[in-house]
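To start, the structure under review is shown below, and the notes come after it.
In listed order, ligands and their atoms are each counted from 1. Predicted, not measured: the structure shown is a model, and the values here were computed from it.
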Amino acid sequence: MSFFYVKPNGPLRGDVTVSGAKNAVLPIMCACMLTDEVCRISSVPPLIDVFILKEILENMGAVIEYNTKSEVMEIKVPKIKSGNYDSSLWEKIRASFLVAGSVLARTGKVKIPFPGGCKIGSRPVDLHIKGFESLGAKTKREHGFIEIKCKELKGCDIYLDFPSVGATENIMIASAAAEGTTIIENAASEPEIIDLAVFLNKMGADIKGAGTRKIVIKGVKSFKGVSHRVMPDRIEAGTFMAAAAVTHGEININNICFDHIKSAASKLEECGVRIEEKGKSILVDAKGEIKGFDIKTLPFPGFPTDMQSVFMSIMLKARGTSIVTETIFENRFMHVDEMKKMGANIKTDGRTAVVEGVKKLTGAKVKACDLRGGASLVLSALCAEGDSEISDIYHIERGYGNFDEKLRSLGAIIEKRE
Ligand code: EPZ
């Protein structure tokens, strides 16, 4: 099994360019199932999750050309093939469930395995199902599959008990083809929702309010093939912002949208890092002392749960005490035990972690347990004394393309080894 070998090498310095957003490209790939015309998506990052979803869509009849050099993907779905899909593939990623809305809209029925993804919580799909049933669908769960059927989806008002990103995306896609108007109240407002709505509207949908808690979708009869460039990955941007902070470096991060990373930038300024916004780039200068700080993860525009672990790595050697409150997922501290192997001083109680900054971290053999937690272990290793090995790095490669290569370009000593 591959692992990352990391040897600390002082402050990271230089330029890095953020790739297209994993959590935007995955729902957009699923939305392509709404039409039999060619969709051309650019800035598609070469991630394990992208390759797995590509295979899932191909199993369902999609014809996909993906050039990993140009990062351009062309998807054409002449006809949707039903059948007993390979659950083991579907259980690898959370986004597999996002095909439900488009296949239901296009064919009136869909029978798919339950999704998988990072084991950061139970990750139910009840809000997705509630949305489909509100639109008139009948659902059945058996043998690890969910069957959803509806001849004619009918627009309606749907209130989400929680602003779920995936449920908002699935309901937006399905209701785009429903008869009449659908209003999603308490919708998720993450930037990835906006990118999906922009893509759907280009296809011919009529969606207003994406990016707010209230989205209004007027159903349309047909969708056309379109071209679209995926938005920058705000979580990857936040990860490199944290990399500058943990190594007291100075990094220029290109291809960002500042509004998407405002909460992260504000936290870094709070703990003593200098931030300079330069249009589609941001300069992160962390040469000074880093003070402890608190974060509480919240739905957008609050501090993103996906940045929780990488920002915790900044706290490990910060001066003083920091408190992390994780309100989105019930099991998102799996990186804590691994950080402790490096000498971190962290106490957790339920969804709260208290971090006491220490003078020194020491390199260790640690294990990535989930995507973002794995990235936080690489960052912690970059500021430890002595070499580290991070195993199970497929978790990291699910969401970060060329992560080691980008870190090396900034001066890090990191190698992928077998
Ligand atoms: C998306 O997951 C992202 N994944 C996650 O990113 C991200 O952490 C999450 O949104 C929150 O921002 C993708 O976009 C592929 P949710 P999703 O539905 O859609 C509960 C990463 O590292 N919930 O907003 O699964 C759920 O249990 C990944 O890139 C229900 O109760 O997130 C959780 O507590 C990790 N019922 C909360 O809502 C439902 O039907 C947030 O989940 C759905 C969700």
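The aromatic rings of F403 and F4 sit tilted relative to each other, their planes meeting at an angle between 30° and 60°. Taking the six-membered ring where tryptophan is involved, the planes of F303 and F311 are perpendicular, since the angle between them exceeds 60° and thus also 30°.
Side chain of T297 to main chain of T327: a donor-acceptor pair is present (N/O by atom type, distance under 3.5 Å, no hydrogens or angles). With hydrogens and angles ignored, the 3.5 Å screen pairs no side-chain donor or acceptor of K111 with any backbone N or O of K149. Not a single donor-acceptor pair under 3.5 Å links the side chain of N186 to the backbone N or O of Y159. A donor-acceptor pair is defined here as one N or O able to donate and one able to accept, closer than 3.5 Å; no such pair exists between the side chain of S266 and the backbone of K262. At distances below 3.5 Å, at least one donor-acceptor pair connects side-chain atoms of T168 with backbone N or O atoms of A188.
With a heavy-atom cut-off of 4.0 Å, R94 touches ligand 1 through its side chain alone. Proximity of E192 to ligand 1, defined as any heavy-atom pair under 4.0 Å, is not found for any part of the residue. Counting heavy atoms under 4.0 Å from ligand 1, residue L371 touches it through the side chain alone. Contact annotation for I120 and ligand 1: only side-chain heavy atoms (C-beta onward) come within less than 4.0 Å of the ligand. Contacts with ligand 1 closer than 4.0 Å are made by heavy atoms of both the backbone and the side chain of L127.
Set against the non-hydrogen atoms of G166, the atoms of ligand 1 under 4.0 Å away are 18 (O), 19 (O). Listed by number with element, the atoms of ligand 1 under 4.0 angstrom from any heavy atom of H128 are 40 (O). Counting the atoms of ligand 1 from 1 in the order shown, those under 4.0 Å from a heavy atom of R372 are 21 (C), 22 (O), 29 (O). Short contacts between ligand 1 and R332, defined as distances under 4.0 Å to a heavy atom of the residue, involve ligand atoms 8 (O), 22 (O), 35 (C).
At the shortest separation from atom 12 (O) of ligand 1 among protein heavy atoms lies V165 CG2, 3.8 Å. In this structure, the protein non-hydrogen atom closest to atom 39 (C) of ligand 1 is P124 O, 3.2 Å. The shortest contact between atom 2 (O) of ligand 1 and any protein heavy atom is with R123 NH2, 3.4 Å. Shortest contact from atom 15 (C) of ligand 1 to any protein heavy atom: N23 OD1, 3.4 Å. The protein non-hydrogen atom at the shortest distance from atom 36 (N) of ligand 1 is D126 OD1, 2.7 Å. The shortest contact between atom 34 (O) of ligand 1 and any protein heavy atom is with I328 O, 2.6 Å. Given atom 38 (O) of ligand 1, the protein heavy atom at minimum distance is F162 CD2, 3.5 Å. With hydrogens left out, the protein atom closest to atom 5 (C) of ligand 1 is D306 OD2, 3.8 Å, a heavy atom.
Shown here, atom 20 (C) of ligand 1 is out of close reach of the protein: none of its heavy atoms lies under 4.0 Å off.
A salt bridge links E270 with K267: the distance from a Lys NZ or Arg NE/NH1/NH2 to an Asp or Glu carboxylate oxygen falls below 4.0 Å. A salt bridge links K341 with E338: at least one charged nitrogen is closer than 4.0 Å to a carboxylate oxygen.
Each of R332, R234, K22 was evaluated against D306; a single residue qualifies, R332, per the salt bridge (charged side-chain N to carboxylate O under 4.0 Å, His left out) test.
Both the sub-6.0 Å distance and the 45° axial angle are satisfied by R372 relative to the ring of Y400.
Taking distance alone, with nitrogen or oxygen atoms compared against 3.5 Å, F329 stays at or beyond that limit from ligand 1. In terms of polar-atom proximity, defined here as any N/O pair under 3.5 Å, L26 makes no such contact with ligand 1. In terms of polar-atom proximity, defined here as any N/O pair under 3.5 Å, S164 does make such a contact with ligand 1.
Between F51 and Y66, the ring centre distance stays below 6.0 Å.
Rounding to the nearest 0.5 Å places OG of S376 at 10.5 Å from CE of M334.
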